[in-house]
Visitor: 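Following this message is one structure expressed as structure tokens.
Note that the coordinates shown come from a computational prediction; the quantities given were computed from them, not determined experimentally. What you see below is based on every heavy atom in this structure, not just the backbone, and it leaves out hydrogens, waters and symmetry mates. Quick note: residue numbers are just sequence positions, from 1. Both ligands and their constituent atoms are indexed starting at 1 by order of listing.
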Amino acid sequence: MPNRPTRRPASASPAYAPSRRRVLAAGAVLLAAPMLALPRRSLASTASARTLAFRHTHTGESLAITYASGDQYVSDALARVNWFLRDFRNGDVQPIDPQLLDQLHAVSTITGSRAPYEVISGYRSPATNVALKERGRGVATHSLHLEGRAIDVRLADVPLADLRDAAMSLRKGGVGFYAASRFVHLDTGRVRRW
Ligand SMILES: [Zn+2]
């Protein structure tokens with residue numbers, strides 16, 4: 001039979017005191033553990049929550065929304081983004097590629113912008129694309145705007161060239177620079193620039 005430590009009252013001998021302190025110390029660690037874990041957890045969720053703010057230059061609407069948390073997209077939020085980025089000319093709504101939102105989020109982080117994205121164009125319906133083409137607006141026949149995979153934006157607090165450079169540094173999708181119209185086109189197609 002193994003030796004068992006004899007239980008003694010706390011006041012019994014000085015030798016007991018250190019071990020009691022160890023017990024107390026262990027208890028303090030146990031108590032402290034959840035308190036340490038809480039801020040770490042909330043920091044993690046803050047860091048992984050991805051938020052975007054928009055102002056649409058054609059509809060005048062604004063939207064500020066947490067569209068993702070960690071590796072999960074928030075479906076309600078995506079639905080609101082889809083509506084916000086609808087074809088404003090005829091009201092057609094199509095899903096917007098969530099990766100496009102991630103690219104915008106990354107560009108915000110890189111530039112340190114605190115301004116909402118000013119949206120010039122999001123989803124574009126085939127009818128609108130044809131109409132714009134006929135009016136000689138220089139839109140591509142197979143524009144990724146038609147697939148909800150492109151957006152034209154500017155940021156009030158970031159020079160347009162810096163916005164372009166930040167977008168290109170991602171090495172994700174296409175980046176078009178439209179200095180005269182003051183916007184940058186981003187899409188989730190293959191990496192290219194113009
Ligand atoms: Zn575009």
Side-chain angles (χ1 to χ4, degrees), residues 50-68 73-75 77-194:
R50 299 197 291 288
T51 298
L52 280 170
F54 297 105
R55 194 186 69 80
H56 203 296
T57 60
H58 291 283
T59 64
E61 294 171 1
S62 291
L63 179 69
I65 204 156
T66 298
Y67 71 94
Y73 291 112
V74 182
S75 58
L78 294 185
R80 290 182 63 191
V81 169
N82 295 345
W83 168 253
F84 184 85
L85 295 178
R86 68 192 179 278
D87 183 331
F88 65 90
R89 290 178 176 88
N90 63 11
D92 277 7
V93 180
Q94 286 294 322
I96 299 297
D97 184 351
Q99 286 184 32
L100 188 60
L101 306 181
D102 284 335
Q103 288 173 216
L104 291 172
H105 184 263
V107 166
S108 279
T109 304
I110 293 167
T111 58
S113 173
R114 302 182 71 82
Y117 277 104
E118 294 178 27
V119 177
I120 292 88
S121 182
Y123 170 66
R124 203 180 286 154
S125 67
T128 292
N129 210 56
V130 167
L132 287 175
K133 223 173 148 55
E134 284 170 356
R135 271 183 262 155
R137 293 293 178 89
V139 299
T141 308
H142 300 290
S143 163
L144 288 173
H145 285 278
L146 295 165
E147 298 176 28
R149 296 175 62 197
I151 192 166
D152 299 335
V153 289
R154 69 173 76 100
L155 285 166
D157 59 353
V158 176
L160 204 60
D162 291 358
L163 172 55
R164 172 201 57 196
D165 293 347
M168 289 198 319
S169 74
L170 299 177
R171 307 282 306 151
K172 283 180 181 168
V175 179
F177 187 58
Y178 295 85
S181 308
R182 291 195 306 122
F183 69 76
V184 170
H185 163 110
L186 281 86
D187 65 51
T188 62
R190 64 190 167 75
V191 178
R192 64 216 192 284
R193 61 174 292 187
W194 63 91

Visitor: Name all pairs fulfilling the salt bridge (Lys or Arg N to Asp or Glu O under 4.0 Å) condition that reach into residues 159-182, sequence neighbours left out, sorted by first residue then second.
Guide: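 Sorted pair list comes back empty.
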Visitor: Sorted by chain and residue number, which protein N/O/S atoms are under 2.8 Å from the Zn ion (ligand 1)?
Guide: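 Correct list: His145 NE2, Asp152 OD1, His185 ND1.
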Visitor: What's the shortest heavy-atom distance between Tyr67 and Thr51, and which atoms?
Guide: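 Answer, listing the atom of Tyr67 first, then Thr51: CE2-N, 4.2 Å.
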Visitor: Any donor-acceptor pair under 3.5 Å linking the side chain of His58 with the backbone of Ile120?
Guide: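 Yes, His58 side chain to Ile120 backbone: donor-acceptor pair under 3.5 Å.
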Visitor: What residue pairs, at least two apart or across chains, pass side chain to side chain donor-acceptor pair (under 3.5 Å) with a residue in residues 183-194?
Guide: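 Those involving residues 183-194 are Asp97-Thr188, His145-His185, Arg149-Thr188, Asp152-His185, Tyr178-Trp194, His185-Asp187, Asp187-Arg192.
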Visitor: Report yes or no: does Thr57 contribute a side-chain atom to a donor-acceptor pair with the main-chain N or O of Val119 at less than 3.5 Å?
Guide: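 Side chain of Thr57 to backbone of Val119, a donor-acceptor pair under 3.5 Å: yes, one is there.
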Visitor: Which pairs pass ring-ring contact (aromatic ring centres under 6.0 Å, His included) with one or both residues in residues 109-130, sequence neighbours excluded?
Guide: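 Sorted result for residues 109-130: empty, none.
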